[in-house]
Number of protein chains: 2
Amino acid sequence: MKIEQLETFRWVARLGSFTKAAARQNATQSTVSTRIAELEHSLGARLLDRSRRQVRLTPKGRDLLSYADAILALVAEARLTVGDPAALTGGLRVGVAELVALTWLPAMVSTFHEACPRIQLDLEIGLTDVVLERLVAGEIDVGIVGLSHAPPDGFAATPIGETAFGFLAAPSMALPAPPLDPAALKDVPIISLGPGAEVARLQDDWFRAGRVAPQRFNSSSSIEISAGLARAGLGVALLPVAYFASDLERGSLVRLAVEPPPPPVRFFALHAPGGASTLASRLAEIARRSARASSWRAAR
Amino acid sequence: MKIEQLETFRWVARLGSFTKAAARQNATQSTVSTRIAELEHSLGARLLDRSRRQVRLTPKGRDLLSYADAILALVAEARLTVGDPAALTGGLRVGVAELVALTWLPAMVSTFHEACPRIQLDLEIGLTDVVLERLVAGEIDVGIVGLSHAPPDGFAATPIGETAFGFLAAPSMALPAPPLDPAALKDVPIISLGPGAEVARLQDDWFRAGRVAPQRFNSSSSIEISAGLARAGLGVALLPVAYFASDLERGSLVRLAVEPPPPPVRFFALHAPGGASTLASRLAEIARRSARASSWRAAR
DNA sequence: CGATCTTCATCGGAAAATCCGATCCAAGGC
DNA sequence: GCCTTGGATCGGATTTTCCGATGAAGATCG
């Protein structure tokens, strides 16, 4: 019985597939097959039922899985506790919402890389929804997203900070007189991100509170493009004000005094609790610190 | 971090020596050295202080040791729980007191070998004292001994059964009239085993209760030789009556009606609790069953 | 009902890791 | 100051691991 075999076994059990587990571990399917066979042979017991399309655990496999979880959790904890972070190896797949990517992701990555130089970070920038999906599916280890609602169950959520969103528009935009409530903005073109973005949800909530369906058009799934469209005077966009502070200074964008003000978006680092995720929790902690250190903080 | 490395690390920590750990694991010193170096490198931390003659744990090494204990205990438990006993491999060093060796050791070994054919049993027959010493020193994994007193602390003791001891002598021996108390046997030659044997302790206790120092002479450390001397009429020997039942039937030995009757000796399988000793506990269980099944049982 | 696709098992050669014996070096004991 | 003891290191042989290709069995679809 080897630790590597237990890890592979756990992936196969979780994903129900040798092939998927292989991809997850940067190995080939034949390697996974050999490892499982070797583990089964060393125990003298069949752990996985391959007769059906979906690989299922046998009763003994179920028993072993709980041991494997416990053992691997201890191993990970030992590595973190007694090991020098600089000696940690492996990879960590991180899903990042775009806003984060635009702001303090570089700082976070460099801080993390300093602490754990041998950990390879696989970054995926994506819409909040996609990040959450992939996190639930186990395809990423950590998701860093902003949420205006509660984080999903079953995940550890490290609060990282929050940032204010505001409706920004070009100064040339013709706008109704304040107070600007949802009804007042009803006929103003609203620049929106794709429906998977958290910003879009925030926007929808704001308008829905006023029982208004705004005239909106979707830009691509990029905050920068939204901002560009807003600068060009094509509409109003809900954007993180801190990130566009220079626009506000220059006057290329102005902030609308809307009522009610949209709630701040709280950002979280989400990861599966326990197990190998202690590396993830370390990243979460670094994310929190590097967010505090960044100019972001002023955005609260 | 590999399981094998943790095992080696634990042996080194326990024995305070690379060389001894190597001997324990059927490996060479260079292999142990490499494994430890590899473990240290993978954690990026120094675990053992080799500067002094006796290898000592560093603080981080102490941390890791507790993890290693926990991890290896889980691994062993997993092996026993989900694994087929027939697939278990490795070795088990067993120290056995002579009486056990003479009676149901063969049955026990064959039962165990049937259940775990790939486990190599290293048997050492010895006096009770020696077996206990080697157990405490960690040089054997299981000790099967008879004790008239409490088993040593810090070891799991599986009670196996008990057997009655009696003073046996040749019918031709000239003996005082009953009741035969310690004082009455004061001048009768007592055949004794070496001072490390449990029987000797039992004998001493019996006489000491009567405040008598018997006239004794030590035979070699063999029950059979003691019995032979007794048969030859050279003295009285304290022997397990069940084992000499045929002598009693034939009349080549007779049992003396002594007062008080010596207490029965209870046999235990002793092993270190937890950890890799779960294999030891399996052997203990088999020892218990095979003792019950043997004719021994009638000896109680 | 048969063709096709997906999925796991197996095989052979290449690459890597492990192990051992021999030797070197440092610390302790006489 | 020599000698013993114990760990580190090196080179070569062995074993293990890995991968890509191929085979076999079940699911899916026309």
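Computation of the quantities below employed the complete heavy-atom set of this structure, encompassing side-chain atoms and omitting hydrogens, waters and symmetry-equivalent molecules.
Between A:T31 and A:T34, the side chains place no donor N or O within less than 3.5 Å of an acceptor N or O (distance only, hydrogens not considered).
Across all non-hydrogen atoms, the minimal contact from B:L135 to B:D141 is CD1-O, 3.8 Å. Among all heavy-atom pairs drawn from A:V131 and A:A97, the shortest one is CG2-N, 4.4 Å. The nearest pair of heavy atoms linking B:I223 to B:E98 is N-OE1, 2.9 Å.
End-to-end axis angle of the helix from C:dC1-D:dG30 to C:dC30-D:dG1, using five pairs per end and rounding to 10°, comes to 30°.
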Whether each nucleotide of nucleotides 24-30 of chain C has a protein heavy atom under 4.0 Å at its base (B), only at its sugar-phosphate (S) or at neither (-) is summarised, 5' to 3', as ---SS--
Using a 4.0 Å cut-off on protein heavy atoms (strictly under), produce a 5'-to-3' string for nucleotides 14-21 of chain D with B for base contact, S for backbone-only sugar-phosphate contact, and - for none. ---SSBBB
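If you measure from atom CG of A:D49 to atom P of D:dA25, you get 16 Å, rounded to the nearest angstrom. In this structure, the CZ atom of B:R46 is 13 Å from the P atom of D:dG7, given to the nearest Å. The separation between A:L48 atom CG and C:dC8 atom P is 10 Å, rounded to whole Å. The distance between atom CZ of A:F18 and atom P of C:dT10, rounded to the nearest whole Å, is 11 Å. One atom, CZ of B:R56, and another, C1' of D:dG7, lie 17 Å apart when rounded to the nearest Å. Between the CG atom of A:L47 and the P atom of C:dC8 there is a distance of 15 Å, given to the nearest Å. A straight line from NE2 of B:H41 to P of C:dT18 spans 12 Å, rounded to a whole angstrom.
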Side chain to side chain contact (heavy atoms under 4.5 Å, CB included) between A:M108 and A:I144: does it pass, once the steps are laid out? CA-CA 11 Å; A:M108 188 192 81; A:I144 301 182; 3.6 Å; yes
Evaluation steps, salt bridge (Lys or Arg N to Asp or Glu O under 4.0 Å), between B:E40 and B:R50: CA-CA 13 Å; B:E40 287 181 328; B:R50 294 95 147 165; 2.9 Å; yes
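The residues A:R288 and A:E285 are annotated as salt-bridged, a charged nitrogen and a carboxylate oxygen being separated by less than 4.0 angstrom. In summary, B:R35 and B:E4 engage in a salt bridge, as defined by a charged side-chain N under 4.0 Å from a carboxylate O.
Residues satisfying the side-chain hydrogen bond (donor to acceptor under 3.5 Å, both in side chains) test with B:R53, not counting sequence neighbours, are none. Partners of A:T81 under the side-chain hydrogen bond (donor to acceptor under 3.5 Å, both in side chains) rule, at least two apart in sequence or in another chain, are B:Y67. Residues forming a side-chain hydrogen bond (donor to acceptor under 3.5 Å, both in side chains) with B:D84 (at least two apart in sequence, or on another chain): none.
At a threshold of 4.0 angstrom between heavy atoms, the contacts of B:T19 are confined to the sugar-phosphate backbone, with no base atom among them. As judged by a 4.0 angstrom heavy-atom cut-off over every strand, A:V55 is placed among residues touching the sugar-phosphate backbone only.
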